[in-house]
Amino acid sequence: MSINVILAGPRGRMGSQAINMLLENKDAFTLTACIDRKHDGVELKDIDGMPDLAVPVYEDPEACFRENGADVFIDLTVPDSGYRNTKAAILHNIRPVVGTTGFTDDQIKDLTFLCEEKKLGAIIAPNFAIGAVLMMKFSKMAAAYFPDVDIIEKHHDQKLDAPSGTAVKTAELMKETRTSKKQGHVNEQEVLEGARGADVDGMKIHSVRMPGLVAHQEVIFGGKGQTLTIKHDSINRDSFMEGIKVSVKQVMELEKLVYGLENIL
Ligand code: NAP
């Protein structure tokens, strides 16, 4: 049976690629509607650069969810609208699969609570690349042995949030195995503010934003006489599509919100 999907952000880099993925898997998925802040009352085929599909497009998520039946809602937009869309989807009993990054802890808590109340599946994944999930898992293992660790995450310069959701998630996972410590010299001073990066329980996160990049992360561990680097590169957005595909299928089996692709693989 085909899974009916509504997608927000169809003109975006991730959204347009996700539509291609849905079309390449026509036996598994049907795109029933899209949410786009700049188009209302048209069909997808009427928008420049979009595939030739008679799929209705709405500006208003409420109207979209009310007028179109769907099993799953995919959000690939920006944090504010992503949160509003996701909340509206849950209230309409449509299971969200969220790739949008930058949700606050409170927003995630709120969505988790709503899903729990409704016994509705949802997946929020700051990184849909399977290799990135492995990078996080390996980092969690290594942090048990190497408590001195810096994360360097590098993304394209159109990314709105810093540090990346993946970097924060990696630090959170490492916190579970790492012995908490403040890194560096006890008398260390920042001569220029921010030089040592953001701090999570003594671990440092550094964010690089550059045109030409997609999504890259290095986790560098240091011990006596050795360093260990775990590195992942998303060379293009194809790297995220398998994770979205798996999530759209898996979310149908869930009755709660799951945060992080590693928890469904
Ligand atoms: P993008 O190319 O900039 O696309 C963003 C989309 O959101 C566009 O369609 C844009 O429409 C729309 N949008 C922008 N501001 C909006 C607003 N205020 N209200 C509603 N819609 C708005 O970005 P992208 O690279 O596709 O990334 C989309 C999201 O996915 C980001 O949050 C990014 O961090 C995240 N991401 C996640 C993963 C993952 O694996 N989870 C991987 C890559 C990216 P306009 O053209 O009108 O601005």
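Whatever order the structure lists them in is the order used to number ligands and atoms, beginning at 1. Positions are given from 1, in the same order as the sequence printed here. A quick note: this is a predicted structure, and the numbers were derived from the prediction, not measured. Note that these values count all heavy atoms, side chains included, but never hydrogens, waters or copies made by symmetry.
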Legend entry - Ligand-residue contact atoms, ligand 1 with G9, heavy atoms, under 4.0 Å: 9 (O)
Side chain, backbone, both or neither: the part of [X] lying under 4.0 Å from ligand 1 by heavy atom:
X	answer
R13	both
R37	side chain
F240	side chain
A125	backbone
R237	side chain

Inset, instruction - Hey, can you tell me if F221 and F146 have their rings parallel, tilted or perpendicular (30° and 60° cut-offs)? - result: tilted
Inset, instruction - Could you tell me whether the side chains of K118 and N93 share a donor-acceptor contact shorter than 3.5 Å? - result: yes
Legend entry - Within-shell test, Q158 vs ligand 1, heavy atom, strictly < 4.0 Å: no
Inset, instruction - Take every heavy atom of P126, measure it against each atom of ligand 1, and state whether any distance is under 4.0 Å. - result: yes
Inset, instruction - Please say which of L261, L7, I74, L22 ends up in a side-chain contact (heavy atoms from CB on, under 4.5 Å) with I244. - result: I74
Please report whether ligand 1 has a polar contact with [X], defined as an N or O pair separated by less than 3.5 Å (distance criterion only).
X	answer
G99	yes
V78	no
A129	no
G12	yes
T100	no
D161	no

Inset, instruction - Identify the heavy atoms of I94 and L120 that sit nearest to each other, and give their distance. - result: O-CD2, 3.8 Å
Inset, instruction - For residues D148 and Q183, report the shortest heavy-atom separation together with the two atoms involved. - result: CA-OE1, 3.5 Å
